[in-house]
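Written below as structure tokens is the structure these notes are about.
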There are 2 protein chains.
Amino acid sequence: MDSTCEPYGYDAFRRTCPSHAVLEMLSSKWVYLTVSALRHGRMRNGELARKLEGITPKMLTQTLRVLERDGLVRRQVFPVIPPHVEYELTALGQDLAGLLDQIRSWSERHVPEIRNARLIAERGREVA
Amino acid sequence: MDSTCEPYGYDAFRRTCPSHAVLEMLSSKWVYLTVSALRHGRMRNGELARKLEGITPKMLTQTLRVLERDGLVRRQVFPVIPPHVEYELTALGQDLAGLLDQIRSWSERHVPEIRNARLIAERGREVA
DNA sequence: CTGTATCCAGGGTGATACTG
DNA sequence: CAGTATCACCCTGGATACAG
């Protein structure tokens with residue numbers, strides 16, 4: 001069983017390596033956005049729902065549960081009525097957030113170039 | 001039509017913003033790995049297939065086509081027999097590669113912490 | 001307010017076989 | 001070698017309604 005990728009260390013290129021699964025877990029736009037949103041402090045469920053435009057209650061909960069399970073997000077429940085729940089990044093989550101947020105920012109910054117590339121690609125297909 | 005997110009600039013949190021679609025396109029483990037693999041220079045189709053362990057021909061081609069369409073990868077065909085095709089990152093792709101590769105590296109670096117978090121989470125569920 | 005419970009459509013993904 | 005074509009299938013992800 002080489003699931004640890006030993007003795008050469010972890011290698012995400014190997015499908016049996018745990019780091020491959022971690023990478024897969026991170027490959028979700030809702031994970032990106034959730035972690036990025038929490039980057040500047042704790043937020044309530046409703047706040048997140050409004051910030052992550054278009055997310056359904058199910059996906060929001062599901063995403064938060066995964067992040068909580070993997071130690072990236074901490075969930076705090078206040079036993080009051082109506083319910084009050086807050087989410088915040090753990091130290092590990094904050095470490096990751098710096099990277100994920102850069103990707104988000106990159107996506108925003110390079111829209112024009114990508115849009116342009118797509119237009120050129122389409123033209124090429126028309127000619128053919 | 002606020003698809004450009006104007007007048008406040010692009011915002012990936014808004015589902016109608018083009019940057020949201022870009023983020024979604026990047027949310028794929030095969031995109032991560034393909035771009036990371038190409039980071040150190042051009043590669044042939046077969047080389048990529050071997051490097052990206054477990055990828056099917058279909059997914060490899062599909063991923064490369066998306067990256068090519070969006071201007072992140074350049075495809076060069078040598079008209080010889082047997083066929084010879086090489087892929088390499090464009091300038092835009094290299095810019096992105098730096099970020100994506102950091103995520104990949106992060107995934108490898110933090111496996112122990114995440115594994116540990118999962119174990120604790122499981123224990124919690126058992127108690128309940 | 002913060003979720004859970006269903007249901008459902010759709011397509012991403014893989015496996016396989018095959019062609020130029 | 002590089003890629004296409006097909007098929008099936010899971011299962012994600014969305015919509016909705018409802019509960020504590």
Side-chain angles (χ1 to χ4, degrees), chain A residues 13-16 20-21 23-34 37-38 42-70 73-88 121 124-125 128, chain B residues 12-16 20-34 37-38 42-70 73-88 121 124-125 128:
Chain A
F13 286 104
R14 311 202 60 182
R15 64 178 159 182
T16 54
H20 186 95
L23 193 63
E24 201 159 12
M25 182 271 290
L26 296 179
S27 302
S28 150
K29 78 173 174 186
W30 294 129
V31 165
Y32 273 82
L33 293 175
T34 302
L38 288 172
R42 45 176 54 204
M43 292 179 76
R44 299 185 57 175
N45 187 304
E47 289 183 284
L48 282 167
R50 279 185 295 278
K51 178 75 174 171
L52 308 187
E53 194 183 284
I55 196 171
T56 59
K58 179 182 157 186
M59 283 311 298
L60 179 54
T61 297
Q62 184 174 311
T63 303
L64 287 167
R65 290 295 178 281
V66 168
L67 293 175
E68 189 190 3
R69 179 200 62 183
D70 288 354
V73 160
R74 185 167 25 247
R75 178 172 180 264
Q76 190 174 5
V77 182
F78 297 85
V80 295
I81 293 178
H84 183 124
V85 178
E86 290 185 359
Y87 294 94
E88 67 176 339
R125 297 203 319 126
Chain B
F13 285 104
R14 311 202 60 181
R15 64 178 159 183
T16 54
H20 186 96
V22 172
L23 193 63
E24 199 158 13
M25 181 271 289
L26 296 179
S27 301
S28 150
K29 76 172 174 186
W30 295 128
V31 165
Y32 272 82
L33 294 174
T34 302
L38 288 172
R42 44 176 53 203
M43 292 179 76
R44 300 185 57 174
N45 187 303
E47 289 182 285
L48 282 167
R50 279 185 295 279
K51 178 76 173 170
L52 308 188
E53 194 184 285
I55 197 170
T56 59
K58 178 182 155 187
M59 282 312 298
L60 179 55
T61 297
Q62 183 175 311
T63 303
L64 287 167
R65 289 296 178 280
V66 167
L67 293 175
E68 189 190 2
R69 180 202 62 184
D70 288 354
V73 160
R74 185 165 28 247
R75 176 172 181 265
Q76 189 174 6
V77 181
F78 298 85
V80 295
I81 293 177
H84 183 124
V85 178
E86 289 185 358
Y87 294 93
E88 66 176 339
R125 297 203 315 129

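As the structure is a prediction and not an experimental result, all values here were calculated from the model. Labels below follow one simple rule: chain letters A, B, ... track the order of the sequence lines, proteins then strands, and each chain is numbered from 1.
- An OP1 or OP2 oxygen of dG3(C) is reached within less than 4.0 angstrom by a side-chain nitrogen or oxygen of Asn45(A).
- Of all nucleotides listed (dT2(C), dA15(D), dA2(D)), dA2(D) comes nearest to the side chain of Arg44(B).
- A 4.5 Å side-chain heavy-atom check between Glu88(B) and Val73(B) finds every atom pair outside the cut-off.
- Close to dG3(D), at under 4.0 Å from its OP1 or OP2, lies a side-chain N or O of Arg75(B).
- For the pair Tyr87(B) OH and dC1(D) P, the computed distance is 15 Å after rounding to whole Å.
- The side chain of Gln62(B) sits closest to dT13(C) out of dG14(D), dT13(C), dT4(C).
- Atom pair Ile55(A):CD1 and dT2(C):C1' shows a separation of 14 Å (rounding to whole Å applied).
- When each of Leu48(B), Leu33(B), Leu60(B) is checked for a side-chain contact (heavy atoms from CB on, under 4.5 Å) with Ile55(B), only Leu60(B) meets the rule.
- Atom NZ of Lys58(B) and atom P of dT13(C) are 9 Å apart (whole Å).
- Classification of Arg44(A) and Glu86(A) as a salt-bridged pair fails, no side-chain N sitting under 4.0 Å from a carboxylate O.
- Among dG3(C), dG14(C), dC1(C), the nucleotide with an atom closest to any side-chain atom of Pro82(A) is dC1(C).
- The shortest distance between side-chain heavy atoms of Tyr87(B) and Met43(B) does not fall below 4.5 Å.
- Distance His20(B) NE2 to dG13(D) P: 12 Å, rounded to the nearest Å.
- Whole-Å rounding puts the Glu24(A) CD to dG12(C) P distance at 16 Å.
- Ring pair Phe78(B)/His84(B) is perpendicular by interplanar angle, where above 60° counts as perpendicular and below 30° as parallel.
- As rounded to whole Å, 8 Å separates atom P of dG3(D) from atom CG of Leu60(B).
- Between Arg15(A) and Val77(A), the one whose closest nucleotide on DNA chain C sits nearer the 5' end is Val77(A).
- Nearer to the 5' terminus of DNA chain D, by closest-nucleotide assignment, is the contact made by His84(B) (compared with the other of Met59(A) and His84(B)).
- Comparing atom distances between the Thr61(A) side chain and each of dG14(C), dT2(C), dT4(C) picks out dT4(C) as nearest.
- Closest to the Pro57(A) side chain, of the nucleotides dG3(C), dC1(D), dC1(C), is dG3(C).
- Atoms CD (Glu53(A)) and P (dG13(D)) sit 18 Å apart, rounded to a whole Å.
- Between Leu52(A) atom CG and dG13(D) atom C1' the separation is 15 Å, expressed in whole Å.
- Of the candidate nucleotides dG20(C), dT2(C), dG14(D), dG20(C) has the atom lying nearest to any side-chain atom of Pro83(B).
- For Lys29(B), counting side-chain heavy atoms from C-beta on, the closest listed nucleotide (dC1(C), dG14(C), dG3(C)) is dG14(C).
- Side-chain contact between Gln76(B) and Val85(B) is absent, with no heavy-atom pair separated by less than 4.5 Å.
- The listed nucleotides are dA15(D), dA2(D), dT4(D); the one nearest the side chain of Val85(B) is dA2(D).
- At the heavy-atom level, Phe78(A) lies nowhere under 4.0 Å from the strands shown.
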